[in-house]
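Here is the structure we will look at, set down as structure tokens.
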Amino acid sequence: MSTPLLEIDGLTVRFGGPGPLARAVRRGVKGAPGGGVRAVDGVSLTVPRGGAVGVVGESGSGKSTLMRAVLGLVPPTAGTIRLDGRPLGPRRDTATRRAVQMVFQDPGTTLNPARTCGSILAELLRVHRIVPADRVAARVTDLLDLVRLPHGVAGTRPHRLSGGQKQRVAIARALALEPRLLIADEATSALDVVVQASVLDLLAELRATTGVTLVAVSHDLDLVRYLCDTAVVMRAGKIVESGPVAEILSDPAEPYTRELIAAAPTLSAAPSGKDRQ
Ligand SMILES: Nc1ncnc2c1ncn2[C@@H]1O[C@H](COP(=O)(O)OP(=O)(O)OP(=O)(O)O)[C@@H](O)[C@H]1O
Ligand SMILES: [Mg+2]
């Protein structure tokens, strides 16, 4: 069997270790071993190469913290993360950092407002020497094509773009580095429902055209159905349910998952996956 692209094993991330204040508080609090918040609590998760896995759960369930640990932005308290069989430690070389890219919820805050979209992309290509200097401009155009943006966007600053266009630039920026794993953390939840559907379609298309492995984080299981084969459901830092998305949706084993499905605004009112623009 081939090694999975991403293997997370027994991952725990605890915030706010027992400093003097935490220790004082803990004396009066039961059920907080080690102190602080266990944002991620013994999570194991495998993502096959070329696959798409959804991570679903209510606000505060630990989804983003899990992904931030994969990116190396927060240190695990326990457990291991492997990419292509190699352990990912807190200190990573440039190639390893390139291999995992994340698209965040609010593209407005992650794109430099002082630069044009073209120069944001060009700089990344140059700094990481993705293509020779004389191919940078052509590659910027290719990237805009890839995310279905008009070439004119290259000369435009991010704040002049719509939310959906900004998110496409953010996706182009992530793909510029030719990652092996793309993480979309609530990448469409700040967008209105029609734009959300078109960005979801783009991500699905990119999966097919680039072969990139995808982890899609959302509070909405119905939404990950459009992108993912399998999903895990997180609650209070733990995975409480996992399996094929369709099965979880049609026959949730956990009452929590049932609540989550009932609480989420549904996309089924929007046009079906295939014929959205
Ligand atoms: N830097 C931090 N310091 C302390 N606590 C944190 C930190 N980041 C997250 N937490 C806590 O960890 C828990 C999990 O947060 P996290 O952001 O991972 O949840 P989430 O599932 O992504 O939620 P949302 O759906 O709202 O994005 C929460 O209790 C949160 O308050
Ligand atoms: Mg989050």
Side-chain angles (χ1 to χ4, degrees), residues 6 8 10-26 29-45 47 53-79 81 88 90 100-110 163 167 170-171 174 181-191 193 196 199-200 203 214-225 227-228 231-242 245 248 252 254 256-257 259-267:
L6 179 71
I8 299 172
L11 196 82
T12 294
V13 178
R14 190 182 291 141
F15 289 115
L21 179 61
R23 272 201 301 274
V25 173
R26 250 172 72 213
V29 179
K30 276 196 271 183
V37 178
R38 252 194 283 181
V40 175
D41 193 358
V43 165
S44 298
L45 170 66
V47 183
V53 173
V55 178
V56 186
E58 67 187 357
S59 185
S61 56
K63 307 177 299 290
S64 296
T65 304
L66 178 64
M67 295 307 132
R68 287 165 63 79
V70 173
L71 275 168
L73 298 175
V74 293
T77 311
I81 305 166
L88 288 181
V100 185
Q101 292 298 315
M102 180 127 113
V103 178
F104 296 88
Q105 176 171 350
D106 184 359
T109 58
T110 55
Q167 199 56 294
I171 294 168
L181 177 66
L182 182 66
I183 300 172
D185 188 352
E186 303 276 7
T188 63
S189 52
L191 308 173
V193 75
Q196 188 174 68
V199 174
L200 284 176
L203 288 169
L214 185 71
V215 174
V217 176
S218 178
H219 53 274
D220 184 352
L221 191 52
D222 199 30
L223 185 148
V224 307
R225 182 165 60 122
L227 285 177
C228 301
V232 298
V233 179
M234 286 186 73
R235 180 184 204 182
K238 290 184 161 73
I239 291 181
V240 293
E241 185 158 357
S242 64
V245 187
I248 297 179
E254 293 288 321
Y256 170 73
T257 310
E259 275 167 38
L260 208 61
I261 294 170
T266 177
L267 271 184

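Everything numeric in this text was worked out from a predicted model, so none of it was measured. Counting convention: from 1, in listed order, for ligands and their atoms alike.
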Steps toward side-chain contact (heavy atoms from CB on, under 4.5 Å) verdict (Ile239, Val233): CA-CA 6 Å; Ile239 291 181; Val233 179; over 6 Å; no
Step-by-step side-chain contact (heavy atoms from CB on, under 4.5 Å) determination, Asp222 to Ile261: CA-CA 7 Å; Asp222 199 30; Ile261 294 170; over 6 Å; no
Qualifying residue for side-chain contact (heavy atoms from CB on, under 4.5 Å) with Glu241, from Leu221, Leu260, Thr257, Val232: Thr257
Within-2.8 Å protein N/O/S contacts of the Mg ion (ligand 2): Ser64 OG
Val217 versus Ile183, closest heavy-atom pair with distance: CG2-CG2, 4.4 Å
Short N or O contacts of ligand 1 with protein, under 3.5 Å, listed by atom name?
unit_1, atom_1, unit_2, atom_2, d
ligand 1, 18 (O), Thr65, N, 2.9
ligand 1, 18 (O), Thr65, OG1, 2.5
ligand 1, 19 (O), Gly62, N, 3.3
ligand 1, 21 (O), Ser61, N, 3.2
ligand 1, 21 (O), Ser61, OG, 3.4
ligand 1, 21 (O), Gly62, N, 3.0
ligand 1, 21 (O), Lys63, N, 3.0
ligand 1, 21 (O), Lys63, NZ, 2.8
ligand 1, 22 (O), Ser64, N, 2.9
ligand 1, 22 (O), Ser64, OG, 2.8
ligand 1, 23 (O), Gly60, N, 2.8
ligand 1, 25 (O), Lys63, NZ, 2.7
ligand 1, 26 (O), Ser59, OG, 2.5

Value rounded to 0.5 Å, distance of CD1 in Ile171 from CG in Leu203: 4.5 Å
Test log, rule side-chain contact (heavy atoms from CB on, under 4.5 Å), inputs Thr109 and Phe104: CA-CA 9 Å; Thr109 58; Phe104 296 88; over 6 Å; no
Intermediate values then yes/no, side-chain hydrogen bond (donor to acceptor under 3.5 Å, both in side chains), Glu186 and His219: CA-CA 8 Å; Glu186 303 276 7; His219 53 274; 3.1 Å; yes
Heavy-atom check, side chain of Val43 versus side chain of Met234, under 4.5 Å: yes
Side chain proximity check, Cys228 to Val245, heavy atoms < 4.5 angstrom: yes
